[in-house]
Amino acid sequence: MENTKPVKLVLEDGTEIQGQSFGAYTSVAGEVVFSTAMTGYPENLTDPSFAGQILVLTYPMVGNYGVPGEELYESISKIFESDKIHIAGLVVNYYSEEHSHWAAAKSLGDWLKEYNIPGIFGVDTRLLTKKLREKGAMLGKIVAEEDVPLHDPNLDNLVAQVSPAGVRHYGHGQHKIVLVDCGTKTNIIRCFLERDVELIRVPWDYDFTTLDYDGLFLSNGPGDPKMCAPTIQNLHKALQQDKPIFGICLGSQLMGLAAGGDTFKLKYGHRSHNQPVKLTGTQHCYITSQNHGFAVDTATLPAEWEMLFENLNDGTCEGIKHKTKPFFSTQFHPEAAGGPEDTEYLFDDFLKAVEEYKTTAN
C-alpha cells in the first residue's frame, strides 16, 4: 500500500510492535484479544460483545471481500449485528486494500474510518496470538501520533454503553417474548422473527417483571457480567416463576449469577467460529460460534442446576439448565452470524417450552 503512516501496538508488558495504519489514524486503548474466525469480519466488528476490545484477527489476509452495503429487515439490519462498529481497534497481518465481492459497497479501511476506528497491519499476528495464549488477554493500545494511557474496559459498565435506551417492539406472533438487550446481536432478533413471535426488546436494567410475557430471553453482551446488578436482580425474581427462560453468552453468565452461582474471567476467552462443545450426558458434539471472556463456575451452582454443554477444548461451562424448570442457557451463539448454524434448533426448543408452558398454565 502507498502513502501509509507508521503506527504501533503497545502491550501492557512493554512489548511494542511496529506496523502500518489503515482505517482511522488515531490512538486508542483497550483489551487486546484474538479471534481465529476465518471469515465474518463485518459480523464480528459490529458485535456489541467486542466493545472496548482491540481485536486481533489470526487469518492472514483481511479486507479482500470488502464490506457489504446496508439492508434492512423488519427495521433492523439484514447484514450487520448492530448499527455500528463496536471494537476499539483492529490488528491484522496483511490488509488487502483492493477488495472484490458482488455485495461489497466499500473497503474495510473506509468503513473503519467512518466510525473513527484505527487499524494496524504488517503485524506478525501468529506471534502476537501465541503471546496472548501464554500470558492471557492483555491491555494494550494502538498509538498513532498522540500517546494514550492503558485502560481496562472490564472496569467499565460496557453493557450500559451498548444497550438501547428504550423499549422496542417487533413482530405480531402468537408467543410474546421479552428480550433483555445487554448488547444483542441482530441475528438473534432475526431468528425470533423468522419463528413468528412478538418480541419486546428492553434495556439491560429495565424491570421486565412488570410486563406480560410468555418467555424471557437474555442476550449476549460485553464485559464483566457482575456489572449488571439490576439485570441479575430482575432475573432472580423471574427464576422464582415458571415461565421459560433462554440465555445466550452474557445471558448464560447472568442466569448463573441470578441462580446463586459465580462467574470467572477466562485466561484469553473464546472468540472463533470453530469451538467444539458437547451436550452433557451424551456424545452429541457441535461446532459453535463464540465471543466471550467470562464463564460460569459450575462448581458454585445450586443443586437444582447443572451444566448443559461443555467446551471440549478446556472443559469450561458452555451452558446451564435447571433440572425441573424450563430455564436453560448457552455460552456459545446458536444464532451464529457468522459461524456454523448447527445449534440454531435451540430457538425452536425454547419456543416449544413456551408453548408447553402456555398450554399447562391455561
Side-chain angles (χ1 to χ4, degrees), residues 35-37 40 49 177 179 184-185 187-188 190-192 194-195 215-221 225 235 239 242-264 266-267 269-357:
S35 171
T36 59
S49 296
I177 306 299
L179 185 160
T184 190
K185 290 174 63 181
N187 204 41
I188 289 174
R190 298 187 206 111
C191 285
F192 275 120
E194 289 167 1
R195 287 164 173 79
L216 179 66
F217 178 84
L218 312 168
S219 86
N220 62 294
L235 180 56
L239 292 176
D242 296 318
K243 294 182 179 180
I245 305 175
F246 178 21
I248 286 178
C249 199
L250 181 75
S252 182
Q253 300 158 24
L254 294 175
M255 188 178 292
L257 291 169
D262 198 7
T263 56
F264 66 98
L266 294 165
K267 183 177 180 180
H270 301 149
R271 298 175 182 89
S272 67
H273 297 165
N274 55 6
Q275 288 284 333
V277 304
K278 184 176 76 169
L279 180 62
T280 302
T282 75
Q283 293 300 310
H284 294 299
C285 299
Y286 303 94
I287 301 300
T288 65
S289 175
Q290 302 197 17
N291 177 16
H292 61 99
F294 291 80
V296 174
D297 182 355
T298 52
T300 66
L301 290 173
E304 62 270 23
W305 290 82
E306 62 185 357
M307 184 162 65
L308 179 57
F309 291 94
E310 176 186 4
N311 188 293
L312 292 177
N313 284 333
D314 59 16
T316 55
C317 176
E318 288 287 353
I320 61 175
K321 71 172 183 176
H322 194 278
K323 293 180 180 179
T324 59
K325 292 186 176 184
F327 309 151
F328 72 98
S329 68
T330 66
Q331 188 59 67
F332 53 86
H333 285 268
E335 84 290 345
E341 300 175 351
D342 302 31
T343 55
E344 191 178 319
Y345 73 88
L346 291 169
F347 286 91
D348 299 313
D349 286 357
F350 172 59
L351 293 178
K352 182 179 179 181
V354 169
E355 188 167 354
E356 291 176 351
Y357 165 76

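If you read the sequence from its start, that first residue is 1, and numbering goes on from there. Here the structure is a predicted model, which is why all the values come from computation and not from measurement.
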Aromatic ring pairing Tyr286/Tyr345, orientation class (parallel under 30°, perpendicular over 60°, tilted between): tilted
Taking every non-hydrogen atom, the tightest pair across Ser49 and Asn291: CB-ND2, 3.3 Å
Any side-chain heavy-atom pair of Ser219 and Leu250 under 4.5 Å: no
Where Thr343 and His333 come nearest, the two heavy atoms and their spacing: OG1-O, 4.4 Å
Counterpart residues, ring pair (Phe, Tyr, Trp, His ring centres under 6.0 Å), relative to Phe350 (two or more places apart): Phe246
From Leu216 atom CG to Leu235 atom CG, the distance as rounded to the nearest 0.5 Å: 6.5 Å
Spacing of Phe332 atom CZ and Leu346 atom CG [to the nearest 0.5 Å]: 5.5 Å
From CA spacing to verdict: side chain to side chain contact (heavy atoms under 4.5 Å, CB included), Asn311, Gln275: CA-CA 7 Å; Asn311 188 293; Gln275 288 284 333; 3.0 Å; yes
Chi angles and distances behind the side-chain hydrogen bond (donor to acceptor under 3.5 Å, both in side chains) call for Gln290, Glu318: CA-CA 10 Å; Gln290 302 197 17; Glu318 288 287 353; 3.1 Å; yes
Side chains of residues 300-309: which donor-acceptor partners sit under 3.5 Å, not counting sequence neighbours?
| unit_1 | atom_1 | unit_2 | atom_2 | d |
| --- | --- | --- | --- | --- |
| Thr300 | OG1 | Asp262 | N | 2.7 |
| Thr300 | OG1 | Asp297 | O | 2.7 |

Asp242: salt bridge (Lys or Arg N to Asp or Glu O under 4.0 Å) partners, not counting sequence neighbours: Lys325
Main-chain N/O of Lys185 paired with Asn220 side-chain donor or acceptor, under 3.5 Å: yes
Interatomic distance, Cys285 atom SG to Lys278 atom NZ [nearest 0.5 angstrom]: 6.5 Å
NZ (Lys352) with more than 12 external heavy atoms under 6.0 Å: no
side-chain hydrogen bond (donor to acceptor under 3.5 Å, both in side chains) against Thr330, all qualifying residues, sequence neighbours excluded: none
Heavy-atom pair of closest approach, residues Glu335 and Cys191: CB-SG, 3.8 Å
From Ser272 atom OG to Ile287 atom CD1, the distance as rounded to the nearest 0.5 Å: 9.0 Å
Derivation and outcome, side chain to side chain contact (heavy atoms under 4.5 Å, CB included), residues Arg195 and Phe347: CA-CA 9 Å; Arg195 287 164 173 79; Phe347 286 91; 3.6 Å; yes
Check against side chain to side chain contact (heavy atoms under 4.5 Å, CB included), Asp314 and His270: CA-CA 10 Å; Asp314 59 16; His270 301 149; 2.7 Å; yes
Main-chain N/O of Gly338 paired with Ser289 side-chain donor or acceptor, under 3.5 Å: yes
Distance-minimising heavy-atom pair for Met255 and Ile245: CE-CG2, 3.5 Å
Within 6.0 Å of CD in Glu341, more than 12 heavy atoms from elsewhere: no
Residues which pass ring pair (Phe, Tyr, Trp, His ring centres under 6.0 Å) with Tyr357, listed by chain and number, not counting sequence neighbours: none
His292 side, atom NE2; Thr316 side, atom OG1 - distance, nearest 0.5 Å: 6.5 Å
Results of ring pair (Phe, Tyr, Trp, His ring centres under 6.0 Å) for Phe327 - residues two or more places apart only: His322
Closest contact, heavy atoms only, Gln331 versus Cys317: CB-O, 3.9 Å
Shortest non-hydrogen contact between Pro225 and Leu254, atoms and distance: O-CD2, 3.6 Å
Approximate separation, where rounding is to 0.5 Å, of Ile248 CD1 and Ile188 CD1: 4.5 Å
